[in-house]
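Predicted model, so just to flag it, every value in this text is computed and none were measured.
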Amino acid sequence: MEGSGYSFLYAGMVVGQVTMSQEGVNAIKTSFNLVGSGKHWSPHGVTSLPSAPAFTCLRPFAYLSYDNGAPVDLGSGCTVRGWTVSLDNALNPQGDRCTGDSTQDAGDPTASGGASDAAFNSKLHHRDRSVTAQITIEADAADEWDDLVEGVTLTDVTFGARGADLDPGGTPDTTYEYLKIIIPTAKITRIVNVDSDGKFAIQMDLLPITSGTSVLTVEVVNSTIGTFA
């Protein structure tokens with residue numbers, strides 16, 4: 001709201017949770033929960049925003065695969081009904097409050113001690129991170145039941161979205177823009193029968209069991225070359 005007092009610039013923002021999901025062949029969605037320290041400027045005073053790399057187009061095709069001793073590509077057929085994967089940093093701003101936190105006047109972090117003086121967090125720590133992942137597929141095979149019962153470790157569990165073709169006509173493989181979230185190792189912890197638009201489907205809950213390495217990794221390929229902070 002240009003020219004109003006209702007524009008704010010928040011400092012010290014961190015991502016509390018990120019989720020990627022898809023229902024049917026609808027566009028894949030990504031959402032973020034942002035958590036701030038309370039430090040802010042108002043009005044924000046920003047006249048322009050930096051440009052950011054973007055996908056030129058987003059296709060319904062999803063990367064959805066894992067290895068249970070042999071490669072399983074769920075995204076290549078018509079069995080996938082929906083999926084979601086989420087990382088939660090378990091932030092607790094109230095728990096990070098300190099008696100010695102810095103203060104500022106409302107809308108001006110360069111001034112303090114006024115009638116509107118209030119404290120903002122001087123730190124934001126994440127607790128134990130947690131990952132939740134769920135896949136719903138048509139129940140046309142028993143492999144997933146076997147993996148659950150036998151406690152099979154799944155590797156390279158991949159969720160992702162595909163974008164534009166970066167080398168039309170290229171051989172032997174086509175290179176696409178993509179965003180992938182990869183869980184290095186996981187197990188199926190629960191399977192329930194569900195109805196998916198009149199189709200018999202199963203819903204699988206996954207639990208990462210990674211130890212000593214990242215609980216998940218993120219891969220991004222787009223048409224922009226460079227490093228972004």
Side-chain angles (χ1 to χ4, degrees), residues 18-31 55-87 130-211 213-223:
V18 59
T19 300
M20 186 176 354
S21 63
Q22 183 182 32
E23 289 295 330
V25 293
N26 295 329
I28 293 169
K29 297 179 181 179
T30 303
S31 62
F55 283 80
T56 55
C57 76
L58 191 62
R59 302 183 178 189
F61 182 88
Y63 293 102
L64 194 61
S65 62
Y66 57 82
D67 193 308
N68 63 357
V72 177
D73 185 1
L74 295 174
S76 64
C78 295
T79 62
V80 177
R81 308 299 295 173
W83 54 268
T84 181
V85 58
S86 179
L87 170 67
S130 63
V131 174
T132 56
Q134 187 177 84
I135 303 172
T136 301
I137 61 174
E138 289 187 27
D140 59 353
D143 293 346
E144 292 77 22
W145 294 99
D146 292 342
D147 290 341
L148 169 65
V149 173
E150 297 171 7
V152 173
T153 297
L154 311 180
T155 58
D156 294 327
V157 183
T158 302
F159 304 82
R162 189 173 80 182
D165 187 347
L166 295 178
D167 63 342
T171 57
D173 297 319
T174 299
T175 302
Y176 292 95
E177 296 179 328
Y178 68 74
L179 169 63
K180 293 180 180 178
I181 294 179
I182 303 170
I183 302 175
T185 54
K187 288 182 181 290
I188 299 173
T189 60
R190 179 173 176 261
I191 291 180
V192 296
N193 298 334
V194 296
D195 176 273
S196 178
D197 289 332
K199 297 180 183 294
F200 177 40
I202 60 173
Q203 197 172 73
M204 303 181 292
D205 292 339
L206 304 175
L207 176 68
I209 58 171
T210 303
S211 177
T213 56
S214 299
V215 69
L216 60 77
T217 60
V218 177
E219 293 183 6
V220 178
V221 169
N222 58 27
S223 57

For this session: Give me the ring orientation class for Y63 and Y178: parallel if the planes are under 30° apart, tilted from 30 to 60°, perpendicular past 60°.
Result: perpendicular
Problem set entry | D67, D147, V72 screened by side-chain contact (heavy atoms from CB on, under 4.5 Å) with L154, the one that passes | D147
Problem set entry | S76: which of D73, L74, V80, T79 passes side-chain contact (heavy atoms from CB on, under 4.5 Å) | D73
I want to check something: taking the side chain as every heavy atom from C-beta on, are [X] and [Y] in contact at a cut-off of under 4.5 Å?
X	Y	result
L216	F159	no
K187	T153	yes
N193	I202	yes

Problem set entry | Short side-chain to backbone donor-acceptor contact, Q22 and N26, under 3.5 Å |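 Indeed, once roles are kept as given, a pair shorter than 3.5 Å links the two residues.
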Exercise. Is it true that a side-chain atom of E177 and a backbone atom of A164 form a donor plus acceptor pair closer than 3.5 Å?
Worked result: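 Side chain of E177 to backbone of A164, a donor-acceptor pair under 3.5 Å: yes, one is there.
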Exercise. By salt bridge (charged side-chain N to carboxylate O under 4.0 Å, His left out), which residues pair with D205, not counting sequence neighbours?
Worked result: R190
Problem set entry | Under the ring pair (Phe, Tyr, Trp, His ring centres under 6.0 Å) test, residues paired with Y66 that sit two or more places apart |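 None.
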Problem set entry | Minimum heavy-atom distance L64-W83, with the two atoms named |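 That closest heavy-atom pairing would be CD2-CD1, 3.8 Å.
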Exercise. At their closest point, which heavy atom of L206 faces which heavy atom of P208, and how far apart are they?
Worked result: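 So the minimum-distance heavy-atom pair works out to O-CD, 4.1 Å.
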Exercise. Can you pull the salt bridge (Lys or Arg N to Asp or Glu O under 4.0 Å) pairs that have at least one residue in residues 74-85, sequence neighbours excluded?
Worked result: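 Of all non-adjacent pairs touching residues 74-85, those that pass salt bridge (Lys or Arg N to Asp or Glu O under 4.0 Å) are R81-E138, R81-D197.
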Exercise. Taking atom types as modelled and ignoring hydrogens, do the side chains of T84 and S21 form a donor-acceptor contact shorter than 3.5 angstrom?
Worked result: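 Their side chains do not contain a donor-acceptor pair, so the 3.5 Å distance test is not met.
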